[in-house]
Amino acid sequence: MLNIFFFKATLIFYFLGTLFFLLILSWDQRQGTGAPSWTQRLAVIVTGSGFLSHTVALAIRLKESGYVPLANLQEAVSFFSWAIVLIFFWVEFKYHIYILGSFILPLAFLSLISASALPNKIPDLNPTLVNTLLGIHTTLSVLGIVAFTLAFIAGIMYLLQEKFLKSKQLNTLYQRLPPLDQLDQWNKTAILLGFPLLTLGIITGALWAQYALGSYWGGNNSKQALSLGIWFFYLLVLHGRITIGWRATKAARLAIIGFVGVIFIFVTLA
Amino acid sequence: MNIVLIGINHRTAPVEIRERLSISDDKMGEALCALTADPCIEEGLILSTCNRVEVCAVVKETHKGFQAVKQFFARSHPDIAFETLDPCFYMYASSNAIRHLFRVASSLDSMIIGEPQILGQIKEAFDHAVLHKTTGLVLTKALKKAISVAKRIRTETKIAQNAVSISYAAVELAKKIFGRLDKKSALLIGAGEMAELAARHFVNSGVESIAIANRSYDRALELAKTFKGIPIKFEDYASEMIKSDIVLCSAGAPHYLIKPEEVAKAIALRQNRPIFFIDISVPRNIDPKINDLDNVFLYDIDDLQVAVETNLESRKKEALKAEDIISEEIEQFARWFKSLDAVPMIIAIKDRAERIRLAELGKITSKLGELSPAQLQALEGLTASIVNKLLHKPLTVLKAEVHSTNGNMILEATRKLFDLKEELSPAKEEEKNP
C-alpha cells in the first residue's frame, strides 16, 4: 500500500510544518525582530514536501480505485486538508502572505490526523450514476467547507489584527498580517464562493439520497438538519452583509461561529 | 551667570500633564513676562509644543535659577499638585543646557528623531521671546546657534531621510486598516499646521477626498483650496464623520469634542465601515473611550509614538553622527559663553595690566641706571597707582553691571575692547556646573 506510506510521510511533514509555523507565530507576537528568515524558509520547504507527498498519495489512491477518491469520510477529510494547503501556496506565491501558513497548517495537520483515525476502506462502489452523484456531492461539499474554512481563518486573522491595532501592539505579526480591509474582503469572497457550493452540495446530496435510499430526507438525519441549519446561517450572514452592513468585526465573528457549525458536520459524520 | 534649562517632555510626563502645562500662542507673552519678572532670571524663552514644555533661561545663580523656573511653573499651574509635577522635570545647566537645546532643535530629542517640525517651533518660540523682549545677548546667540546647528545636522547626516513623522505614522496605520487609501475620504477637524501636514501626507498617499472643518471658516476655505477639499461648517463635523474613513482631529478645544455616542451612531449609519481617528490635539479632543467601540480605531499623539519606534532604528545610527557635530559646536559656544563671566575677565585684565607695568618698569630702571631703594619704591608705587586708578572704575562698573539686564552686553564689549581672546582660552576655564 504505497499510498499509505505517502500518507504517513505527509503526516510527518505537516506536523513539522505546523511546528515551524507555530514557532514563527509565537516569535512574531513578541516585540522585537520577529522570527528569523531561516524558520520561514524551512516551514515553507517542509510544507511543500508534505503537499507533494500528499498529492502523490491521492494520485495513487485515484489510480487504485479508479474514481475521484471522495467516497468515504476519510477521503473527504484528506482532500480537504490537501485543498487548504494548496490555497496556502497560492496565496503565498500571489500575495507573499506566508503567515497564513501559521493558521492553515495546524488545521491541515489536525484534519489529516483525524482522517488517519477514520476507517480506511475503499468502498466497493461501481461508477454508476448514483455513485457519480455521490462523488459530485462530496466534492462540492468539501470545496464549500474549504471556502468556509478560509472565511474562518480570515476572521481569526481579522480579530487578531484588530486586537493589535486597538491595543497598539505593533509587533512583527502586526506587520506581517494583511490590512483589515483585505481580510474582510477575503471573508466576503470566501463566503460568497462557499455558499453556492454548499447549496449545490446539499441539492446533489438530496438527489443522491433519493436515488440510493429512496427518500430526499433520510439516513443520517442529524447531518442533513445541521447542513440545512448551516446553509441558513450563511444565507443570513450574506444577507446581513449586503443589507444591514454585517461587515468587519461582526463578519469576522460570524465566520468563526459558522465554522464551528461546519466542524460539527464532520463530527456527526464520524 | 549661567544658562539653565528646565522642562518636561514626552518621555518624562504623560500627555495628561503636558496638555495642562502647554502654553498657547496667545498666552505666550503673558507667560514670558511672568517668567522674567523674577529678579534671578535675566533672559527667558519658553518652548511649548505637543511634546514638550521647556524654559531656557539665563540666570544669575544656577540653584536660585532652577528654583525660580520651577516656581514659575508652579505659580502658573496652581491646579496641579507640585508633588506630581516635580518628578517630571529635567534640569540642565551650562553646557548641558546648551547641549539639550541643540539636541531639541536638531530633533534628536524628538519623539521621532529627525522630524522637521521642531525647528519651526523653536524659531517661533524665539520670535515670541524677541517680541516680548525677554531675550538678551546670551539667549539670542544660543538660539541662533541652535538653529544653525540643526541645519548643519540636517544637511550633513541622513537623520531626516525616510520621512518619519507622526503624520507619516498615521498614514502607515491607515494603510493597515484600509489597505489602499485611494477610495477613502478624510475629515480634518481643526486646520492648524500639524493638521495641514498630516492632511498633506494623506493626500499624497492617495486619499480621494478631504473635508475640512474649522472654527474659522476662512481658514478652512484656504486649506480646502490647497488640497482640493471640501470646506464644511465646524458644527457639521459630527454628521461629516458618517462619510469619512479617516478623522484627523487637531481642533485645540479645551475638552473632548468627539464622544462615544456620536461615534457609535456614525458607525451604525456607515454600516460598520471602520473609522480611523487620529487625535493630534493636546489637550486631547477625542474621548479615548471610543477605542472600545467595534470598528473604531483611535490613536492619540502618545500612541503614534509607539507606532514609529520601529522605524527609528536606522535614524538612531545617524543620530550618533549628529551628537558628534553637537559636541563640536558646544565647545565653541561654551568658550564664548564662559568668556562672558566677569571674574575670569577681571583677573585677565588685571594680569595683563600687571605684566605691562612690570615690563615697562624693567625698561625704565635699566635706562635710569643706579637707583636708590627709595626711588625704586617710588617708581613702583607710581606705576601701580596709575594702573589701579585707570582700571578701578571700569572694573567696578563691570562687577556691578554684570548682573544687570545689559550685563552680558557689557561683558561682551569688555572682551572685545581689551581683546581678551587669548587670556580666556578654554584651557584656563573650568567646567561650570550647577
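As the structure is a prediction and not an experimental result, all values here were calculated from the model. Hydrogens, waters and symmetry mates play no part in the numbers below; they use all other heavy atoms, side chains included. Throughout, a chain's letter reflects where its sequence line sits, starting with A, and its residues are numbered from 1.
Heavy atoms of Leu177(A) lying under 4.5 Å from chain B belong exclusively to its backbone. With a threshold of 4.5 angstrom between heavy atoms, Phe164(A) approaches chain B through N, CA, C or O but not through any side-chain atom. Both the backbone and the side chain of Lys176(B) have a heavy atom closer than 4.5 Å to some heavy atom of chain A. Heavy atoms of Leu269(B) lying under 4.5 Å from chain A are absent altogether. Both the backbone and the side chain of Leu165(A) come within contact range of chain B, judged by heavy atoms closer than 4.5 Å.
Shown here is Arg180(B), whose CZ atom has no more than 12 heavy atoms of other residues, nucleotides or ligands within 6.0 Å. Residue-environment remark: CZ (Phe264(A)) stays at or below the threshold of 12 foreign heavy atoms within 6.0 Å. Open room surrounds CZ on Phe15(A); 12 or fewer heavy atoms of other groups in view lie less than 6.0 Å from it.
Identified by a heavy-atom distance below 4.5 Å to chain B, the contributing residues of residues 148-162 of chain A are Tyr158(A), Gln161(A), Glu162(A), in residue-number order.
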Practice item. Could you walk me through whether Asp181(A) and Ile177(B) pass the side chain to side chain contact (heavy atoms under 4.5 Å, CB included) test, one step at a time? Key: CA-CA 6 Å; Asp181(A) 187 65; Ile177(B) 296 169; over 6 Å; no
**Study point:** Worked check of side chain to side chain contact (heavy atoms under 4.5 Å, CB included) between Leu180(A) and Phe297(B)
**Key:** CA-CA 12 Å; Leu180(A) 287 181; Phe297(B) 302 92; 3.3 Å; yes
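A donor-acceptor distance shorter than 3.5 angstrom exists from the side chain of Asn295(B) to the backbone of Thr249(A), with no hydrogens or angles considered. Checking side-chain atoms of Lys168(A) against main-chain N and O of Leu298(B) turns up a donor-acceptor pair under 3.5 Å. With Asn291(B) contributing its side chain and Lys166(A) its backbone, the two residues share a donor-acceptor pair below 3.5 Å.
Salt bridge Asp294(B)/Arg253(A): present, at least one basic N to carboxylate O contact under 4.0 Å.
Every side-chain contact (heavy atoms from CB on, under 4.5 Å) that Gln271(B) has, sequence neighbours left out, goes to Arg247(A), Arg273(B).
Residues Trp246(A) and Asn272(B) approach most closely at CA-ND2, 4.3 Å, considering heavy atoms.
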